[in-house]
Each structure stands twice: as C-alpha cells, then as structure tokens.
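Being a predicted model, the structure only gives us computed values, none of them experimental.
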Amino acid sequence: MVTKDAKRMRYTEDERNAKKKLPPKPMLPSRRVIDMETPLVDLTVPQRCELIAEISEAILEDPQAAFSSSKGNSTVESDDDGDEGGCAPSKMRKLMEMANPSKNGNDDTTTRLAVLSLLAIFQDIIPAYRIRLPTAAEKAVRVTKDVKKLWDYEAKLLSFYQQYLKLLDSMWQGIGESGKKSGEGISPISVTAILCLCELLKSASHFNFRSNILSVVVKQMNHRSCEEVSNACCNAVSHIFKNDRQGEIALEAAKAISKMVKERYDKGVGAGLTIRPALVRTFLSLPLRVHEDEAQAAKLAEQAKAKKRKKDQESGAIEDDLKEADATVDKIVLARSQAETLHVVTLTYFRILKGVNVVTIYEKGKKKNIDFATSLLAPALEGLAKFAHLINFDTVKDVLAVLKSLLKTVDTLPLDAALNCILTSFQTLQGPGRELQIDQKEYISPLYNQLPRLITEGHESNNLELAINCLNAAFMKRKEYSTVRVAAFAKQLGTVAMHAPYFTSAPLLAFLRQLLHRYPSAAQLLENEQDVVTQGTYAPEADDPEYTNPFATSAWELSSLKFHINPQVRYHAVGALERKLLILPAEDPTKIRDELLRNSKELYIPHKISKKKHPLDSGKKHEKKRRSQVRFIRARKTQQFHLR
C-alpha cells in the first residue's frame, strides 16, 4: 500500500514549491436546477429543452415515482385527470404538458422534443406483457402491499399511455388534416406524431391500445401528399408482418388493409386507382407457411378444444394466463391465423386483378387510368406468385381464369406486370395446379413475345430477373417436349442478346448455355445453314414459336458476339458455341447481371492486360552476347506532306 508520505517522496523540494505557486483550477459553473413549478411561459427555449432532459432522465431512473406528485419531501398520488390537489405536478404530467401545443404556447421545438422524449420513455418502461386492470371483485380481495403498488403503477402507466396516444392522434388529425385541407402542406409536428405512432407500433405491438395505433397507421399507408408518411407507415406494417410470431397481429393488420382496399374499389374503379403500390407490396413481408387444407384441420382441433374448455371455464382461463406468461407459440392459433391471413390477402389480390381487367377493357382511351391500374398489378401478381403453392385446388381455377384474361392483353401491360403474370401462371401450375392437365403453350407463347422488350426495358427494375425466372420455370423446372419450341427460344435469346446492352446480353447468353445443355437437340442451330436440310424460311415475326421454323436458320449471332467489346459477353458467347457447362453459382445469370450493372454504375470497364516482349529484349540466356553486340536503329523514310 502506497501512503501519502511515500507519494510526497517522489517529488523534489523545487517541484513541490513550483506546484504550490500554480494558480488554482477554475471551478466549473454550477448547473442551475430549473424548478418544475416554474410556468412554461417564463422559460426560454434552451431552458425548456434542459428541463425536458432532466425530467426524462429522472423518469427513467425511477419510473414508479414519476407518476406521483411531490409536496415538500412527501409524495402524493396524482389523479389521472390532472388534479394534483395543490401539489407540484408529477414528472410525467409535466412532460405531457410540455408536449401539448395548447399548454406550451404553441412552441414547435418544445412540442417535438417532448413528444420524442415521451416516445423513448414509453419504449423503455412498457412491460413485455399486456396489462389487465383488476376487476372490482379482485380489488375487494385483500392483497399484499407489493401487489397493490404494482396495480397502481400499471393503472397510471396505462392512463398516461392512453393520454399520449390521444395527444398524438389529435396532433395528426388536428394539425395534419387542417393543413392538408387548406393546401399549406403537412406541418413538421404532424409528421412527428405519425412517425411516433409508427415506432410505437413496431416496439409495443403486444401492448394495450394496439388496434387504435394500427387503425391510424394503416389509414396513412395510402397517404398521397407526403411520401415520407406513407413509407414510414408501410415499413411499420411490414415490420409487424415479419416479426409476429403468433400471427394474430398480422391478421388484424391484413384485415385492415383489405378493408381499406375494398372500400376504395366499392366507390368505383376510379377510387381504386388511388391506391399506392407500396401498400399492396407490404403483403410480400408475410411469412405464410400454412396450406389452406392444413388450416381446416387446425380449425377442427380448435373447435374441439373450445368445447372442452366450456366444460371447465375456470381451468381454461388459468391456462390462457399461463400461455400468455410463457410467451409460447400456439401452433393451432398460428395455423388458424395464417390461414385467415392467406384468405384475406388472396381476396385483395383478386379484387385488384379484376379492377385491372375492368380498366383495360372499358377505358382503353384513357392511358393514365391504365397506368395507375397496372402499377398495382405488378405487386399483386408478385404476391400471388409467392403464395401460389399455399392456395387450395378450387382457388387455382379462379387464379388461372383471371391470368388468362390478362394474358390476352399482355402487350398493353408494363413489362414487369406481364412477366409477373407469366411467372404466376407457371408457379401455380407447378404447385397446387400440377394435377390439372393443361397445355402450358398458352403461357409460353406470351413469354416468347415479351423477350424482345428486354432490349429497351431490361435495365428497369428487376425485369431481367423476372424474365430469367420465367425461362427457368418454363424450361428448367419442367420438361419441354417440343424441340421446335426450344430452338425458337434459343434463337430468340441470341437475337435479343445481339441488340441488348451488355448487362442484359451476358445473363441471357449464360441462360442460353444452360438451355443448350438441357436440350441437346437444339444444338442443331450451331451448325452451318448449308449443312442442314430443311424446308421453308425462318419467320421471326410469328407470335407462336411453333410456327417460326427455327431450324431453317442458324445461331449466327453467337459468332458475331465472340468479338463483343465486353469480355463477359465474349466469354459466354464462346461457351454457348462450344456447349460448355456453367460454373454455378459463380456464373448464375442473375449474379452476372448484378455485377455488370454495378460496373456500369461505377464506370468500370474490365480489360485484359497483354504483355508483349520488346523486340530488342533477347532474354537472360543471351545477355552476354547482347552486351558485346552493337545494334544500330535506322529511321524509316516517311513522307513529309504533313509539314507543308
């Protein structure tokens, strides 16, 4: 142990004297504590911000004491209605007053800071269970002080949480709606309020008043005047869909979205066109895994369980409380919730598809309405393609009937909607519709006609990825028995790759290599035209690939693409001519496209460095001879016409 005398021995006499002559260290100014009883009108904006920070820190240190008002050194239970009985307001009450624009002098800075501070506080102190207030019979029972204290704390927490939600709703409805009606735009306070509701929905979806928050957020998912509000609400609902383990919250949100879409379409097709595609795309976040037929068995099991619980209601209530405390996933409830969610989502998709049919048939002259309608078609078809394997056999027929009617006007649809329509058809037939004896020619022919559109639209969105998925579903996941059809697609891919940008050509050529390896009979296109005996001529303008007569020509585009400027295009063109296998997953077509797109955005041009030997360099073997030799270089005679 080092004593004070030992520490003094470390310094010399001169050092100790010099240390004594140093001026004393300046004292930091003492922090002035702001009294909570001071009226807000007498405080400046920095003082208000400092007071909000002090109150927030005090609440997080002791949440139970934050709901009680203080008088001297004693604490008094505060009334929920705001009557403190002549005492100083509680910390939570003071913070709520500072967040209310009508009580802080309409100070936007104070309001937004207080609202965000309350959001952080509630996210921290809200318990991981749903609060159930005790009944009158339970209050009459004699309990311990700890239980009574917990009941009081939960009641006050629930009361202030409800007041906070009402404040956020009034800030959005009062300020946001009035500003929107008057044409002034949405104020920052209203945007802050709706963003706080979105964050509460993410972090406290298990807590009380969940339905109230969800109803407000779902309504603003289709907010058309502020994209920030709409995106925040869509992201919050997508977060709910992804992280709901029991499936009940996701079912409630899906029903709310479906009800809003139904109300829009009930008002007319024109009202249905005002729906944002991002709202429909949130359904893609649902992790649905239960088939509709499995849900029927779960429903029967739940009915049998409900009958058993009726016989013994007391034990059933105790069992529900234990399940909620354990936070375990009930498989029967999950299956029922996912089945109902799938039914709701499928109905919404059908309503959108039928609305698109009505618009394209009766409003051909109004291009704007068709564009609005088809913007909803792509996410709806993408969702149907994702959940097609879960629908039952009866629903498959309705899906295919709607898709056939859409494919009749496929040329008028955007490319992503057209490809999604074709992909949904293939996945439906390969999933629950595989028992149907249907010729897939009705879906292959539109795919053949849509491939040339990749020349000009292949760089937009994920059109090329959708096209490759359609080609995989048509030729790789199923066996195509028509050699002429396969050869027609091989010739069409070569033609498109000849005229498309390099980030579209290389993935198509990579898939062409897979196609030629899977169907060796199509390799006849790689032979010389003079060596092949055929009748007729090649008809590339035919709509049906069966009537194009592809064997009357050759894949001469591959010979031209061998000299392409891009090395990836050259490599895959040579690989297709030599029928080399793809090295998967390194040479996956989608991976090649992503890499080439990144190179084009970064302005990176790959090139091969070729090192040539200098003509005067004879190498190390003849180094001695080279030193002894004397070489003379004579300049060539050139014409000097450029010097005239």
Quick one: do the [X] and [Y] side chains pair a donor with an acceptor below 3.5 Å?
X      : Y      : result
Ser211 : Glu252 : yes
Thr282 : Ser238 : no
Ser230 : Arg276 : yes
His572 : Arg513 : yes
Asn235 : His239 : no
Gln246 : Ser337 : no
Tyr571 : Glu587 : yes

Output yes when [X] and [Y] qualify as a salt bridge under the 4.0 Å nitrogen-oxygen rule, no when they do not.
X      : Y      : result
Glu340 : Arg336 : yes
Arg478 : Glu480 : yes
Lys262 : Asp266 : yes
Arg593 : Glu465 : no

Enter the distance from [X]:[atom1] to [Y]:[atom2] here, rounded to the nearest 0.5 Å.
X      : Y      : atom1 : atom2 : value
Leu509 : Glu557 : CG    : CD    : 10.0 Å
His223 : Ile194 : NE2   : CD1   : 8.5 Å
Ile391 : Lys397 : CD1   : NZ    : 12.5 Å
His343 : Leu390 : NE2   : CG    : 14.5 Å
Leu577 : Leu525 : CG    : CG    : 11.5 Å
Leu596 : Lys591 : CG    : NZ    : 12.5 Å

Within a strict 4.5 Å, meaning less than it, do heavy atoms of the [X] and [Y] side chains meet?
X      : Y      : answer
Phe241 : Leu284 : no
Leu466 : Leu415 : no
Phe503 : Arg598 : no
Gln568 : Glu595 : yes
Lys441 : Asp544 : yes
Phe426 : Ile444 : yes
Asp411 : Gln450 : yes
Leu464 : Thr590 : no

What's the shortest heavy-atom distance between [X] and [Y], and which atoms?
X      : Y      : result
Tyr448 : Asp543 : CD2-O, 4.0 Å
Ser425 : Leu407 : OG-CD1, 4.3 Å
Thr537 : Asn549 : O-ND2, 3.4 Å
Pro550 : Ala487 : CG-CB, 3.7 Å
Gln492 : Leu451 : CG-CD1, 4.0 Å
Val399 : Thr428 : CG1-OG1, 4.1 Å

Passing candidate, side-chain contact (heavy atoms from CB on, under 4.5 Å) with Ile422, options Leu381, Leu403, Leu447
Leu447

Among Thr341, Thr346, Leu288, Ile257, exactly one meets side-chain contact (heavy atoms from CB on, under 4.5 Å) together with Phe283. Which residue is that?
Ile257

Is Lys491 close enough and on-axis enough to Tyr538, meaning under 6.0 Å and within 45°, for cation-pi?
yes

Given 3.5 Å as the limit, does a donor-acceptor pair link the side chain of [X] with the main chain of [Y], or not?
X      : Y      : result
Ser258 : Ala254 : no
Asp244 : Ile249 : yes
Ser600 : Leu597 : yes
Gln430 : Ala473 : yes
Ser445 : Glu442 : no
Gln338 : Arg289 : yes
Thr348 : Val344 : yes
Asp588 : Leu584 : no
Asn599 : Tyr604 : no
Ser554 : Leu526 : no

Please verify the inter-ring angle class for Phe387 with Tyr349; under 30° counts as parallel, over 60° as perpendicular, anything in between as tilted.
parallel

Please determine whether side chain to side chain contact (heavy atoms under 4.5 Å, CB included) holds for the pair Lys479 and Arg518, giving the CA-CA distance in whole Å, both sets of side-chain angles, and the decisive distance to 0.1 Å.
CA-CA 9 Å; Lys479 180 68 175 178; Arg518 174 75 186 274; 4.0 Å; yes

Is the number of heavy atoms from other residues, nucleotides or ligands within 6.0 Å of NE2 (His517) greater than 12?
no

Is the count of non-hydrogen atoms from other residues, nucleotides or ligands lying under 6.0 Å from His389 atom NE2 greater than 12?
yes

Evaluate Gln514 against Leu471 for side chain to side chain contact (heavy atoms under 4.5 Å, CB included), listing each step before the verdict.
CA-CA 11 Å; Gln514 290 180 305; Leu471 291 169; over 6 Å; no

Would Leu279 and Met260 count as a side chain to side chain contact (heavy atoms under 4.5 Å, CB included) if you check the C-alpha gap in whole Å, the side-chain angles of each, and the deciding distance to 0.1 Å?
CA-CA 10 Å; Leu279 183 145; Met260 184 172 64; 3.0 Å; yes

Ile455 and Thr504: side chain to side chain contact (heavy atoms under 4.5 Å, CB included), yes or no, with the steps?
CA-CA 8 Å; Ile455 298 174; Thr504 303; over 6 Å; no

